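This report concerns only the one structure given below.
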Amino acid sequence: MKKIFLFVVLMGLSVFAYAEQVNIHTRNMSLILNVENGRAPQYVYFGARLSDRDLGHLQWPTGGRMDVYPAYGMNCPAEAAIAMRHADGNMSTVLNASSVTSKTEGNAIITSIRLQDPVYPVTVTLHYKAYQDVDMIEAWTEITNNEKSTVTLTTFASALLPIRRGDVWVSHLYGSWANEGQVAEEPLNAGQMVIKNKDGSRNSHTDHAEVMLSLDGKAQENTGRVIGAALCYSGNYRLKIDTDDTEYHYFFAGINEDNSEYHLKKGETFTTPALALTYSEEGLSGASRNFHKWGRKYRLMHGDKERKILLNSWEGVYFDINQQGMDQMMADIASMGGELFVMDDGWFGDKYPRKTDNSSLGDWVVDKNKLPDGIEGLLRDARKNEVKFGIWIEPEMSNTVSELYEKHPDWIIKAPKRDAVLGRGGTQVILDLANPKVQDFVFQVADNLLTKYPEIDYIKWDANMPILNHGSQYLKAEDQSHLYIEYHRGFEKVCQRLRDKYPDVTIQACASGGGRANWGILPYFDEFWVSDNTDALQRIYMQWGTSYFFPAIAMASHISAVPNHTVFRTTALKYRIDVAMSGRLGMEIQPKNMTDEEKALCRNAIKEYKQIRPIVQFGDIYRLVSPYDHKGLASMMYVSENKEKAVFYWWKTESFQNEHLPRVKMAGLDPGRMYTVRELNRIDLHPLDCEGKSYSGAYLMSHGLEMPYRNDVDWNKKNDWSSRVLLLE
């Protein structure tokens, strides 16, 4: 079929009056849409990048509904991406294409398709940002009301992607507090699959706003076609896969509209969060590599800078903060080669000193009984010990036992005419970030610290409570349904102000552990706390799932004490080290309770982690044997971009007599290169038989190396927690 493209150049934009085929592409993938004036744009193709010849003979999909952004009202039985109630009460909408524009922004091309209702002055613009140096397309939508009065939005997805039926499986993450990032895999069948969050303030404890869709049956790590999707949003979301009697699954992603209808005022534009889409023919790990490269380069704060090795005070002392104790912990982490000390909760409060979790949030002044020399004294000790200093805050929250609450009870989220529902400690409440005064206060908590103490290098930003009662004392009565959306708009405004003024400080997103692992907040945060559970065995499972979408540089992974403070499991120190070294290495322990031998082992581990830090934090991930396959082990590796170096991890996940574990074949290496093997964190009396020997990448990927099932140590040091970390150079 002959293709016709009429366009003019206007203000640097190429404006298409008619375009039959819109080709949105990255280096290795294509999204093809059919757009004609006066008709709804149609989906044609998403997958591997097409050649010009293939584009010329591309088959159009049949047997499904291919509207790119279906509107509700003229085909009511079908699922819709957008639904609205017009100013006159009409609940039907029709969206036809009126123009296509494209522009270049850095290394990306943004294609925008403008849709217009032929009856009502409502416009919808679909945006697609295709990066030319990484394989990612971001899709989002702008909805503008030009009617005479308010339009009510009841459904407002970011995007829709039709997926041809067959043997399609979905992999997604679920969990709970202290059990985040668990992997679920299931086939897509008829009906609906919904993944959602309604926490209000955090969004990744129980489910994640990301999925992998495997098009060739149950997902494999390094083979098979996979579509990856991640909603870049910090608030309530809904991912919905609708499978009806047609030939397609329909994947919708966007803000969760439950109790969140939005009243779009005359002249106002509503912008949805971006949905990041990728495609790989190298399995789950291939899609993960795409997310990691895009994330480090374009989404994650300071994604190109190595992260410091730190000691956090929380599990070491909890609320028992004092000047001498902090100095001791700084000296200890410095002696082990660490670079940063972070003082956690318990340092603040005047009228109401922070001794437990039931008071003082909002009163961000130093408790001089605990810290007579104040922050100044802590920074002095950090300089003395030659480490950087970081501090914990939870600025979005307050306690009813606080001076802040006594002054501003109107600042909290609370249902009208009802008592506030209280959270942690029986007194915690959430500040209403829809309120600009609250936004100013939350910003000032961090701003005051960083202005007065510019040597502060790191902030641990916590959020320990969901929104439990629906009500804003700031929003108008008719706009109470805006609460969830306005909270996160306010949160983002605070983050933007903070980063505009303090672009260099490192900030961790902690939210009762892993409650804020999402690509919506990471443009403002350097990392997130994967989980409050630091148990090494459970962390293998949690970090495995989390790595589907997030790179190691963003995943805080700490060595902690035993018995573990959450599950009370006792694991070997080497095992804890070997697991923690697969993320951003840190410590969550009281060093003075460690033996000299344990300190020496950690000192050596930190020294060796510094050698592999560039590979782990910037390398390409290859997951090899999943703990979820229950084969008795888990194994993965990171490979440098130039394939000159790699780090291989091998962890036993259970232990039995006469066990038989698979030999692990490696991946991602250059088959023609020779790699010399060196074991890190070695505790064995004798080196591995592969130590110091060289093997071709081809051999390691087709055959692998045998790993002993036990560590070769003195009898009194034997245990069942065997693990290995190998450096290949």
Side-chain angles (χ1 to χ4, degrees), residues 178 309 311-312 315-316 332-333 336-338 530-531 533-544 556-609 612 616 625 627 630-637 647-657 659 661 664 678-688 691 705-727:
I309 299 165
L311 170 64
N312 184 276
E315 285 192 18
D332 282 331
I333 188 60
M336 287 186 278
V530 176
S531 178
N533 185 351
T534 55
D535 171 62
L537 178 61
Q538 199 155 353
R539 272 296 186 113
I540 290 173
Y541 290 83
M542 293 188 284
Q543 293 176 189
W544 189 275
S557 186
H558 292 183
I559 304 163
S560 61
V562 291
N564 177 264
H565 292 193
T566 302
V567 300
F568 304 101
R569 192 186 343 261
T570 297
T571 52
L573 178 58
K574 172 178 164 52
Y575 194 85
R576 285 173 270 151
I577 290 170
D578 287 355
V579 172
M581 282 179 68
S582 67
R584 193 278 288 139
L585 178 65
M587 299 186 72
E588 192 89 10
I589 200 167
Q590 173 54 279
K592 74 177 182 181
N593 297 332
M594 299 169 67
T595 66
D596 288 343
E597 185 178 8
E598 289 172 332
K599 287 182 180 179
L601 189 57
C602 287
R603 184 178 301 112
N604 182 67
I606 289 171
K607 177 184 177 182
E608 295 191 320
Y609 183 78
I612 66 171
V616 175
V625 179
H630 305 292
K631 294 181 178 178
L633 65 89
S635 183
M636 58 171 288
M637 61 194 296
V647 185
F648 170 84
Y649 297 86
W650 185 96
W651 307 287
K652 281 183 65 178
T653 53
E654 53 190 36
S655 192
F656 295 96
Q657 184 63 24
E659 60 195 335
L661 305 180
V664 180
R678 177 162 68 90
E679 184 180 9
L680 307 181
N681 306 330
R682 181 183 143 197
I683 60 172
D684 291 44
L685 297 172
H686 304 95
L688 297 176
E691 178 74 24
L705 296 172
E706 292 285 3
M707 292 294 107
Y709 292 1
R710 301 281 190 276
N711 286 105
D712 175 21
V713 294
D714 290 333
W715 180 263
N716 64 329
K717 294 181 180 179
K718 288 184 180 294
N719 62 76
D720 58 342
W721 295 101
S722 181
S723 58
R724 305 284 173 178
V725 180
L726 305 182
L727 172 61

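Predicted model only: the values in this text are computed from it and were never measured. These numbers come from the heavy atoms of this one structure, side chains and all, not from hydrogens, waters or symmetry mates.
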Answer whether the closest heavy-atom distance between the side chains of Leu585 and Ile577 falls below 4.5 Å. no
Here the pair of heavy atoms bringing Glu659 nearest to Arg710 is OE2-NH1, 2.8 Å
Under the criterion side-chain contact (heavy atoms from CB on, under 4.5 Å), which of Asp578, Thr571, Asn681 is the partner of Ser723? Asp578
From Thr570 atom OG1 to Trp721 atom CH2, the distance as rounded to the nearest 0.5 Å: 9.0 Å
Tell me the closest heavy-atom pair linking Lys574 and Leu601, and the distance in Å. N-CD2, 4.1 Å
Pairwise side-chain contact, Pro687 with Arg682, heavy-atom cut-off 4.5 Å (strictly under): yes
Would you find a donor on one side and an acceptor on the other, under 3.5 Å apart, between the side chain of Tyr609 and the backbone of Ala580? no
Minimum heavy-atom distance Pro591-Met336, with the two atoms named: CB-CE, 4.0 Å
Side chain to side chain contact (heavy atoms under 4.5 Å, CB included) between Leu633 and Ser722, intermediate numbers included: CA-CA 10 Å; Leu633 65 89; Ser722 181; over 6 Å; no
If every non-hydrogen atom of Asn533 is compared with every non-hydrogen atom of Ala178, which pair is closest and at what distance? ND2-O, 3.1 Å
With Ser531, which residues qualify under side chain to side chain donor-acceptor pair (under 3.5 Å), at least two apart? Glu180
Give a yes or no answer on whether the side chain of Arg576 reaches the backbone of Ser560 with a donor-acceptor pair at less than 3.5 Å. yes
Is it true that the side chains of Ser655 and Asp720 contain a donor and an acceptor less than 3.5 Å apart? no
Would you say the side-chain atoms of Thr534 and Asn564 include a donor-acceptor pair closer than 3.5 Å? yes
NZ (Lys631) with more than 12 external heavy atoms under 6.0 Å: no
Which residues satisfy the side-chain contact (heavy atoms from CB on, under 4.5 Å) test with Lys717, sequence neighbours excluded? Glu597, Val713
Taken to the nearest 0.5 Å, the spacing of Leu573 CG from Ile589 CD1 works out to 7.0 Å
For Asp712 and Leu688, run side chain to side chain contact (heavy atoms under 4.5 Å, CB included): C-alpha distance rounded to whole Å, both residues' side-chain angles, the deciding distance at 0.1 Å, then the answer. CA-CA 9 Å; Asp712 175 21; Leu688 297 176; over 6 Å; no
When Arg678, Met637, Met707, Glu691 are each screened for side-chain contact (heavy atoms from CB on, under 4.5 Å) with Leu726, the one that passes is Met707
Glu608 and Leu727: CA distance, side-chain angles, deciding distance, side chain to side chain contact (heavy atoms under 4.5 Å, CB included) verdict: CA-CA 10 Å; Glu608 295 191 320; Leu727 172 61; over 6 Å; no
Are there more than 12 heavy atoms of other residues, nucleotides or ligands under 6.0 Å from atom CG of Asp714? yes
Would you check if the side chain of Thr653 reaches a backbone N or O of Gly632 as a donor-acceptor pair within less than 3.5 Å? yes
Output the distance between atom CZ (Phe656) and atom CG (Leu661), rounded to the nearest 0.5 Å. 10.5 Å
Of all heavy-atom pairs linking Arg584 and Ala556, the shortest is NH2-CB, 3.2 Å
Yes or no on side chain to side chain contact (heavy atoms under 4.5 Å, CB included) for Val579 and Gln543, after CA distance, side-chain angles and deciding distance? CA-CA 9 Å; Val579 172; Gln543 293 176 189; 4.3 Å; yes
Hey, are the side chains of Trp651 and Arg539 touching, using non-hydrogen atoms and a 4.5 Å cut-off? no
Tell me if the centroids of the rings in Trp650 and Phe648 come within less than 6.0 Å of each other. no
Check Met581 against Tyr649 and note the closest heavy-atom contact, atom names and distance. O-OH, 2.7 Å
State the NE2-CG distance between His558 and Leu311, to the nearest 0.5 angstrom. 9.0 Å
As a test of understanding, state which of Lys592, Glu598, Gln590 forms a side-chain contact (heavy atoms from CB on, under 4.5 Å) with Met594. Glu598
Would you give the length of the straight line joining atom CG of Asp332 to atom CG of Asn593, rounded to the nearest 0.5 angstrom? 10.0 Å
